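Worth saying up front: this structure is predicted, and the values here are computed from it rather than measured.
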Amino acid sequence: MFKKIPHTYAIIFCLIILAAVCTLLVPSGEFNRVEQVTASGKVVNQIVPNTFHYEESSPQVWQIMSAFFKGFQRTPGIIAFILILGGAFWILNETNAIHIGVQTFLKKSDALTKYKIFNLIGVNNLIIILIMLMFSLFGAVFGMSEETIAFVAIFIPLAISMGYDSITGICMCFLAAGLGFAGCILNPFTLGIAQDIAGLKMFSGIEYRIFIWLVMTSIGIAFVLWYANKIKHNPRKSPTYSEDFFWRKAQKEAKRGDITPTTKATWITYLLVAAVQVGLLISCLANGVETKDIVFAIFTFLYIVLGYFACKKNIQVYSLVILFFTIFYLVLGVIGYDWGFEEIAALFFTMAIVCGYAMGKSTSLLCQSFIAGAKDILSAAMVVGLASGIIVILEDGKVIDTLLFGVSNAIDGTGQVGALSIMYGFQTILNAIITSGTAKAAMLMPMFSEISNIVGVNLQSTVTAFHIGDGLTNLITPTSGVLIAVLGVAHVPYIKWLKFAWKFILVMVIIGWLLLLPTLFFSLPNF
């Protein structure tokens, strides 16, 4: 694509300049907004239809140079999360636990080749299929997105060890979750809010949405399997062959690492973590027993048992137990306790401290390791701040509502197919400006619902156009903090990911549109 690939910072800065040019050419305008509480209890700033008004022009000129600073102000949570994650996984990697876990897993899975069915499918293919199905389901059910940042550091070493590349590791979790997000079976943050604003029963029409999810996930898995096997046959065909030297080097260094026996510090750490979990469990149960508390109790019991046997083996096994329970609690926290960046960051920070002290590190050495990890991932955190500057320029220039108003006028008189297609197309493009599904639901659904009633489009069709369009272009837009963070953790340049993914995303956008059209000809139930 380029003789010399531009640096990610250069690409994003050019987009900031382009956004500033838009504020010079597009008139400033705004809709009135009102705070509404959805059925799920979430407060959203909802657009009031027919209230658009032009405002004094707000061209962004010198603000180009302050966009970086304001971008950091806009996304402090994800930036802090990335730095904490970098420090946490640096400490975990010092235990050599991930490498040993990956190698043990692959040895166990290779044993399955003696069975004809597994040999026919291919064990590695089966691993990719199962992991992608799991993450796609997470994306469809509870909107997993930011959480995939943490999993990249786990699945890339797995992909490299299986003979693939870092892009395959990204696809196994991030791409799969994105396709599930678009399929959107039960996601309360996008589908739930969109249906609530449209006046539909939450999660109604689930039957056809399951079909959409199955189609999109199946196509995604087939594409990743094709790509992964192409790379395995010729690793130099990988766009990230040179960048993956980082992971291959880490893998070789990990192979030279020794198994470390547990020490007194490991046992003390194990007992302290068990005591904290029991204390938290008692505190939760004191307020009444709920399903999530029962799951918490099961996790606590399993940690006490598995942690004990892990401590009897070695530090690497115990660190893997800590990693697995970190992942379990992450899922439980997101689903059962509405966790966000703050709680997830605290969870991984705790993982780092536990693994560090279990190795017998002093507090000073633990701090040094954490700083080294944060320093290693600092570039990714800075890219997130810079990319947020694009959105800052467009918001301060007050051109987003003007574009939305123009689209609503363009829909008038286009008929049902035209109206639904324009709504879907605009939603797909809007992802490049606003990545939050909740924010887009509050912004678009009041107006799109009104337009749908005028042209006779089923409201379920409008909601379906919203949630399919909401999930796909987030996978390639540079304004997505999650994507930039994932690529930063993976050490993959943005332009190389774009080169790999854009054709696939374009195909998926077309398939999404084809899946959307049948909803015009049969009614999805509203109950």
Trainee: Does Phe299 form a ring-ring contact (aromatic ring centres under 6.0 Å, His included) with Phe296? I'd like the steps, not just the answer.
Mentor: CA-CA 5 Å; Phe299 283 178; Phe296 186 15; 8.0 Å; no
Trainee: Within a radius of less than 6.0 Å around CD of Glu343, do more than 12 heavy atoms belonging to other residues, nucleotides or ligands occur?
Mentor: yes
Trainee: Mind listing the closest non-hydrogen atom pair of Ser109 and Leu106 along with its distance?
Mentor: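 What the structure gives for the nearest pair is OG-O, 2.8 Å.
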Trainee: Is there a donor-acceptor contact under 3.5 Å from the side chain of His233 to the main chain of Asn229?
Mentor: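 Yes, the answer is positive, given that a donor and an acceptor are paired below the 3.5 Å cut-off.
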Trainee: Do Phe105 and Leu158 pass the side-chain contact (heavy atoms from CB on, under 4.5 Å) test, and can you show the C-alpha distance, the side-chain angles, and the key distance before you say yes or no?
Mentor: CA-CA 9 Å; Phe105 173 75; Leu158 175 62; 4.0 Å; yes
Trainee: Does a side chain donor of either Thr262 or Lys313 reach within less than 3.5 Å of an acceptor in the other side chain?
Mentor: no
Trainee: Given Ile170, which partner from the list Leu483, Thr148, Val224, Val492 fulfils the side-chain contact (heavy atoms from CB on, under 4.5 Å) test?
Mentor: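 The single option meeting the side-chain contact (heavy atoms from CB on, under 4.5 Å) with Ile170 is Val492.
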Trainee: Taking the side chain as every heavy atom from C-beta outward, state whether Asn431 and Gln427 have any atom pair closer than 4.5 Å.
Mentor: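 Yes - at least one pair of side-chain heavy atoms lies under 4.5 Å apart.
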Trainee: Passes side chain to side chain donor-acceptor pair (under 3.5 Å), Thr75 versus Ser388? Steps please.
Mentor: CA-CA 7 Å; Thr75 54; Ser388 298; 3.3 Å; yes
Trainee: Quick one, Ser166 with Glu243, criterion side chain to side chain donor-acceptor pair (under 3.5 Å). Give me CA distance, side-chain angles, the key distance, then yes/no.
Mentor: CA-CA 9 Å; Ser166 54; Glu243 284 78 13; over 6 Å; no
Trainee: Is the backbone N or O of Pro157 less than 3.5 Å from a side-chain atom of Ser161, with the two atoms forming a donor-acceptor pair by type?
Mentor: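 At least one qualifying donor-acceptor pair exists.
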Trainee: Verify side-chain contact (heavy atoms from CB on, under 4.5 Å) between Met359 and Leu366, making sure each step is shown before the conclusion.
Mentor: CA-CA 10 Å; Met359 282 191 290; Leu366 195 59; 5.9 Å; no
Trainee: What's the spacing between Ile11 CD1 and Leu498 CG if we round to 0.5 Å?
Mentor: 8.0 Å
Trainee: Would you say the side-chain atoms of Thr95 pair up with the backbone N or O of Leu92, donor to acceptor, closer than 3.5 Å?
Mentor: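 Yes, Thr95 side chain to Leu92 backbone: donor-acceptor pair under 3.5 Å.
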Trainee: Distance from Asn187 atom CG to Cys184 atom SG, nearest 0.5 Å?
Mentor: 4.5 Å
Trainee: Going by heavy atoms in the side chains, are Leu191 and Phe466 under 4.5 Å from each other?
Mentor: no
Trainee: Ignoring hydrogens and angles, tell me if any N or O in the side chain of Asn474 forms a donor-acceptor pair with the backbone of Asp470 under 3.5 Å.
Mentor: yes
Trainee: Are the side chain of Trp513 and the backbone of Ala465 linked by a donor-acceptor contact shorter than 3.5 Å?
Mentor: no
Trainee: Are there over 12 heavy-atom neighbours, none belonging to Lys312, within less than 6.0 Å of that residue's NZ?
Mentor: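 Check fails, neighbour count at 12 or below.
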Trainee: Nearest 0.5 Å, please: how far is CD1 in Ile344 from CZ in Phe81?
Mentor: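 Separation between the atoms: 5.5 Å.
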Trainee: Measure centre to centre between the rings of Tyr227 and Phe500, then say whether the value is under 6.0 Å.
Mentor: yes
Trainee: Quick check: do Thr428 and Leu472 have side-chain heavy atoms less than 4.5 Å from each other?
Mentor: no
Trainee: Can you confirm whether more than 12 heavy atoms, excluding those of Tyr9, are under 6.0 Å from its OH atom?
Mentor: yes
Trainee: Is it true that a side-chain atom of Thr266 and a backbone atom of Ala358 form a donor plus acceptor pair closer than 3.5 Å?
Mentor: yes
Trainee: Specify the closest pair of heavy atoms between Ala265 and Gly360, including all atoms of both residues, with the distance to one decimal.
Mentor: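 So the minimum-distance heavy-atom pair works out to CB-CA, 4.0 Å.
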Trainee: Is there side-chain contact between Phe89 and Val489, with heavy atoms separated by less than 4.5 Å?
Mentor: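 Not in contact.
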Trainee: Establish, yes or no, whether the cationic atom of Lys232 lies under 6.0 Å from the six-membered ring centre of Tyr164 and within 45° of the ring axis.
Mentor: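 That pair qualifies as a cation-pi contact.
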Trainee: Starting at OG1 of Thr240, measure out to CD1 of Ile231 and round the result to the nearest 0.5 Å.
Mentor: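 Nearest 0.5 Å value for the OG1-CD1 distance: 7.5 Å.
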Trainee: Just wondering, are more than 12 heavy atoms of other shown residues or ligands nearer than 6.0 Å to NZ in Lys292?
Mentor: yes
Trainee: Okay, side chain of Ser136, backbone of Met132: is any donor-acceptor separation there less than 3.5 Å?
Mentor: no
Trainee: Less than 4.5 Å apart, side chain to side chain, heavy atoms only: is that true for Ile315 and Asn96?
Mentor: no
Trainee: Grab the two heavy atoms, one from Val317 and one from Asn314, that are nearest each other, plus how far apart they are.
Mentor: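 Taking Val317 first and Asn314 second, the nearest heavy atoms are N-OD1, 2.8 Å.
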Trainee: Hey, could you give me the CD/OG distance between Glu146 and Ser480, rounded to the nearest 0.5 Å?
Mentor: 8.5 Å
Trainee: Any side-chain to backbone donor/acceptor pair from Arg74 onto Gly385? Under 3.5 Å, distance only.
Mentor: no
Trainee: Check for a donor-acceptor pair, side chain of His467 on one end and backbone N or O of Ala182 on the other, with a separation under 3.5 Å.
Mentor: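 Here the side-chain-to-backbone pair exists.
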Trainee: List the steps, then state whether side-chain contact (heavy atoms from CB on, under 4.5 Å) holds for Leu133 with Thr217.
Mentor: CA-CA 7 Å; Leu133 275 174; Thr217 302; 4.0 Å; yes
Trainee: Of Tyr318, Trp267, Phe301, which is the lone residue that meets ring-ring contact (aromatic ring centres under 6.0 Å, His included) with Tyr308?
Mentor: Trp267
Trainee: I'd like to know whether Ile185 forms a side-chain contact (heavy atoms from CB on, under 4.5 Å) with Ile206, so could you lay out the CA-CA distance, the side-chain angles of the two residues, the decisive distance to 0.1 Å, and finally the verdict.
Mentor: CA-CA 6 Å; Ile185 300 173; Ile206 190 173; 3.7 Å; yes
Trainee: Please examine the side chains of His99 and Gln316, heavy atoms only from C-beta on, and report whether any two atoms are closer than 4.5 Å.
Mentor: no
Trainee: Is any side-chain heavy atom of Ile131 closer than 4.5 Å to one of Cys173?
Mentor: no
Trainee: Work out which heavy atom in Leu475 is nearest to a heavy atom in Gly178; give both atom names and the distance.
Mentor: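 Closest approach of Leu475 to Gly178: CD2-CA, 3.8 Å.
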Trainee: With a 4.5 Å cut-off on side-chain heavy atoms, are Lys496 and Ser242 touching?
Mentor: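 Of all side-chain heavy-atom pairs linking Lys496 with Ser242, at least one is under 4.5 Å.
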Trainee: Tell me, yes or no, whether the heavy-atom count around Tyr337 atom OH, taken from other residues, nucleotides or ligands under 6.0 Å, exceeds 12.
Mentor: yes
Trainee: Is it true that a side-chain atom of Asp293 and a backbone atom of Glu290 form a donor plus acceptor pair closer than 3.5 Å?
Mentor: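 Side chain of Asp293 to backbone of Glu290: a pair is present.
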Trainee: Using the ring-ring contact (aromatic ring centres under 6.0 Å, His included) rule, pick out the option among Trp247, Phe174, Phe135 that qualifies with Phe155.
Mentor: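 It is Phe135, the one option of Trp247, Phe174, Phe135 that forms the ring-ring contact (aromatic ring centres under 6.0 Å, His included) with Phe155.
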Trainee: Measuring from atom CG of Leu306 to atom CG of Leu320, what distance do you get when rounded to the nearest 0.5 angstrom?
Mentor: 12.0 Å
Trainee: Where is the tightest heavy-atom contact between Phe348 and Leu330, given as atom of each residue plus distance?
Mentor: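 Residues Phe348 and Leu330, closest heavy atoms: CE1-CD1, 3.5 Å.
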Trainee: Please give me the minimum heavy-atom distance between Pro239 and Asp165, naming the atom from each residue.
Mentor: CD-OD2, 4.3 Å
Trainee: If the test is ring-ring contact (aromatic ring centres under 6.0 Å, His included), which one of Tyr329, Phe328, Phe325 qualifies with Tyr303?
Mentor: Phe325
